[in-house]
Enquirer: 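Pasting in a structure now, in structure tokens, and then I'll have a few things to ask.
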Amino acid sequence: MTQKHDASFPHPSLDEEGSLLPHPTRRTVLTAGSVALGGAGACTLAVPFLDSLRRTQASSAASTREQAVMDVSVQDLAPGAHKIVVWQGMPVAIQHRTPDMIHALEDTALLAQLADPQSRIRQQPHEAENAHRSLRPEYGVYITICTHLGCVPDYKDIASLPASGGFFCPCHGSQFDGAGRVLRNMPAPYNLPVPPLHFVDDHTIRLGESLLSPHYSLNSIQQL
Amino acid sequence: MKLLRSFLTGTALLVSFSLTSLPAHASSTDEPIVPIQKSPPPAEPLPPMRPEERGLMIFQQVCSSCHSMERAHYGDMIGLQPSVTALQHWAQQRHAGLESPIASPYPSVAVGKANNGGDYPPDLSHIARTIRGGPDYIRQMLAGYRPVPPGVTLAPNTYYNPIALTHHHKFKMRPPLHEGMITFPDGTKATIPQMASDVTAFLQWADDSHRSTRHFIGTAVLLYFALLGGVLLALWRLLKRTA
Amino acid sequence: MNDNTTPSTGWLSTRLPFLRPLCQHMARFPMPPVNLFWTLGACLLVAFGLMFVSGLFLSLHYQPDLSQAFDSVEAIERRVPSGWIIRSIHTGGVSMLFAALYLHVGRGLWYGSYKAPRELVWLSGLFMMLLFMTTAFAGYVLPWGQMSYWGATVITHAVEAIPGIGHGLLVYLLGEDTLGGIALHRFFILHFTLGFIIATVIGLHVLCLHGTGSSNPTLDSPRPDHTTRPFAPFYVVKDCLAVCVFLALFAVLIFFLPDLLGKLDNVILANPLKTPADITPEWYLAPWFAMLRAIPSRLGGLIAAAASLLVLFVLPWLDRSPRHNATYRPLVRAGMGLFFIAFITLILAGMHGATPLWVWLSRGAMLVWFLVFLVLLPVTSYRERQMTGSSTQGETS
Ligand code: HEM
Ligand code: FES
């Protein structure tokens, strides 16, 4: 049962007991065989148990299809007002901007404070890579899930620049501007994501479907 | 050390073997169903369907207009109908989703009774197991409607079926199956005995959907124990002599 | 297994100093020449392990709520990936476990394993058996099918038979007047917690056994065999072989005969307004159900069923003969044989309707049960003690 590797290494076939390819006894073979078989069986037994933690087939199919697209009417939003809707289980903030707010988003004092003022990092579809980070300047639509560790930021203006509006995360204090752009030196590394969307008509936003970037989805952004 | 090494390689081998030998789960390919009206070129063999797959079609088009199958969800039928789109379409027609139970079409028991001569159509979730006579009864009863023999008078909404269990052959379920009422994509002719047998297969599946997988895994498990038992027996007999 | 310390084992045993002595104790544990019945303990350990793990995974999907319990079980069967395998391990496992348990206890009765110095092994085992019966009963309520509901209703109402406080106690235990959501939640917590309690009692049981060692079935034979073998490797392999056969039977049960023991009516949601045609318990609780039915008075039935279990607890003191093995005690052999037949009769009686035939058979079986333990064993052991006392001074094992 014991091997003497070092002594036998240079002369593999010199002596029976210490040869490089030892002649295993019947007992060793049977023991190793049963241990291997038993271990394999135990591992296989674990398969159904681990499998049961998977989500069910129909529920994954249902969640990707049934709630993928959602129409939101913005008729009730007066300029300056905002609302939160839930899309695919995520909070989505929709704001109706006043001309002042749109203007404030281009304020150089603000842009100087932002981590990614030009929206270069892919957190939005191409059609929202603009000064107001949205399809139409008067409507901003952002998924309010903090890019730091996933808390939900609430509305709160930037203290020094209140005009643009903004979001503030209560967990570790990340501050975003009114277009969901994160300020420099905040715990959150990226801007708030923009969902795929387009306007069905002037008062209806369809979330979950982008006409101009059909391949844009939350799987393709830098970080949710 | 030697032991450990052989253990590891043995385990790796066997796990990979046993994993691949497990039957693959029904793949969720979502191609929409091909409309069946286009007559296929005759040379090409039609894709074969399992009886329970045809049975699902019959259930969808016939039985479910009166019966519920409340323990099952629309989405559970993915084992027989791999197209999520088709299932979703079916569910939506009935104002439900993939994750809703296949409910009774009647708003209340009273309405269900009123529509069926006073008997409420029973839930079909486990009917193959719970009804007296089991699947054989269901198969024969569905094909068991006969013309009314002379001397027997039937109340309105009552049908003559000598196989049926209730009301002494004066059955309250109107004959559900008619020759050629369904076009099966695999070309099977929709005769009444054929449909009765297919829909029974479906009801058995609905009651116990894992039957074939269960037998497959069971066989694999028994083979495994035969192998392990053989090795252990050899080792035991060896040790009996020596240790 | 290797005795000289190699660096790789040294690291762990320096840091966990008890590990080496423990392994050595287990490996070298001297085993008398025991027969195949002594492998049932190992089968029980494995069966319990499977019950425990499958139970944990089932409780991840089960909802102990009146309106959701039944559906959550249907979801496990239909939707949870591999859920049906896990559930069949758990539901089939009960029967396998109880079968092994009763054989294990039967082994103890036949070979006199309950005697000094193994009283604590016996008592801890019996205590565990009571825990198992409670756990199984509580677990059977959880799916909230017709049989769950009505079985639980019938058994909990046995509590009402206790004079004076019966009804109050029942309402206290159920948390409301009838079996409902509160009781279901209690049954779930009871069932879940008992698994952990049993796990510790199993530890205690094996600990007690390792104090005294296994008994030697050959001692009373004309040619006693005093040789022992270390537990490893021979008995390890023997136990593994038995477990292998046990698990193969387990697999046949759950993969090929799942309906053999299942009750039809439990796939129907509990309906408090409609009692199913015949309420019968699962086979492993049937003997005591038969006893409840065999005695016309409710209280009497309750007392008889409880006494049938309690009498097992005092067995070590009822039978104080130095002889262990029933094979070599003609009267005890006949008595134990009768007892086993009586036990099987009671199982069958409990699973059949209460026809006069079965009721009288149960009464006969109960009579055998009490006569064997309360009369036959004390009398024969008294005689045997007198005989051995005169010839040799009592030998113990
Ligand atoms: C799940 C429950 C149980 C487990 C896991 C278990 C486990 C074991 C194990 C591993 C052994 C040593 C191997 C053997 O002798 O078979 C043993 C021995 C024993 N058990 Fe159990 N046991 C259980 C239930 C019981 C019950 C219910 C009783 C009695 C009412 C009992 C009484 C005994 C006795 C008396 C011995 C010593 C046998 C002898 O050496 O003569 N056990 N048990
Ligand atoms: S999660 Fe928002 S700042 Fe940390």
Side-chain angles (χ1 to χ4, degrees), chain A residues 1-10 12 15-68 86 88-89 150 219, chain C residues 1-9 27 42 45-47 49-62 71-90 92-93 232-234 236-248 250-251 254-255:
Chain A
M1 280 273 254
T2 45
Q3 280 174 293
K4 305 175 198 156
H5 314 265
D6 22 25
S8 67
F9 189 69
D15 70 83
E16 264 287 306
E17 212 197 327
S19 68
L20 194 62
L21 293 167
H23 302 293
T25 61
R26 196 175 152 78
R27 179 172 158 179
T28 330
V29 172
L30 289 173
T31 311
S34 38
V35 170
L37 272 174
C43 294
T44 313
L45 179 65
V47 171
F49 290 103
L50 297 179
D51 192 37
S52 74
L53 302 179
R54 214 160 40 87
R55 72 188 294 185
T56 60
Q57 251 181 324
S59 93
S60 30
S63 66
T64 48
R65 292 165 161 274
E66 285 182 358
Q67 311 152 25
V86 177
Q88 294 209 319
N219 296 325
Chain C
M1 265 181 259
N2 215 338
D3 272 359
N4 45 357
T5 322
T6 56
S8 59
T9 61
L45 282 178
V46 170
L50 282 174
M51 293 302 286
F52 192 87
V53 175
S54 55
L56 279 186
F57 277 80
L58 283 179
S59 35
L60 288 175
H61 300 281
Y62 174 77
D71 278 333
S72 68
V73 173
E74 284 275 345
I76 290 169
E77 287 281 352
R78 289 176 194 268
R79 282 175 281 284
V80 172
S82 300
W84 63 275
I85 302 186
I86 298 174
R87 180 153 187 254
S88 62
I89 290 176
H90 205 70
F234 182 76
V236 174
V237 172
K238 192 180 176 185
D239 278 350
C240 286
L241 187 57
V243 165
C244 195
V245 174
F246 176 76
L247 289 179
F250 197 147
I254 65 175
F255 291 117

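Residue numbers start from 1 in every chain, and the chains themselves are labelled A, B, ... in the order their sequence lines are given, proteins ahead of strands. Given the structure is predicted, the values throughout are model-derived calculations rather than measurements.
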Enquirer: Mind listing the closest non-hydrogen atom pair of A:P48 and C:S82 along with its distance?
Expert: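 Closest approach of A:P48 to C:S82, heavy atoms only: O-CB, 3.5 Å.
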Enquirer: Check whether C:L50 gets within reach of chain A through its side chain, its backbone, both or neither, counting any heavy atom under 4.5 Å.
Expert: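 Interface part for C:L50: side chain.
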Enquirer: Taking atom CG of A:L37 and atom SG of C:C244, what is their separation to the nearest 0.5 Å?
Expert: 9.0 Å
Enquirer: Nearest heavy-atom pair of A:F49 and C:F57: which atoms, and what distance?
Expert: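 For A:F49 versus C:F57, the nearest heavy atoms are O-CE2, 3.2 Å.
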Enquirer: Going by side-chain hydrogen bond (donor to acceptor under 3.5 Å, both in side chains), name the residues that satisfy it together with C:S54, two or more places apart in sequence or in a different chain.
Expert: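 If we apply the side-chain hydrogen bond (donor to acceptor under 3.5 Å, both in side chains) test to C:S54, skipping adjacent residues, the hits are C:H90.
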Enquirer: Considering non-hydrogen atoms only, spot the tightest contact between A:S52 and C:V80 and give its length.
Expert: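 Minimum heavy-atom contact is O-CG1, 3.7 Å.
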Enquirer: Side chain from CB out, backbone as N, CA, C, O: work out which of these in C:I76 comes under 4.5 Å of a heavy atom of chain A, or both, or neither.
Expert: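 Neither part; nothing is under 4.5 Å.
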Enquirer: How would you list, by chain and number, every residue that makes a ring pair (Phe, Tyr, Trp, His ring centres under 6.0 Å) with C:F246, sequence neighbours excluded?
Expert: none
Enquirer: So which of C:V53, C:I86, C:L60 has the largest heavy-atom pair count under 4.5 angstrom toward chain A?
Expert: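 It is C:I86.
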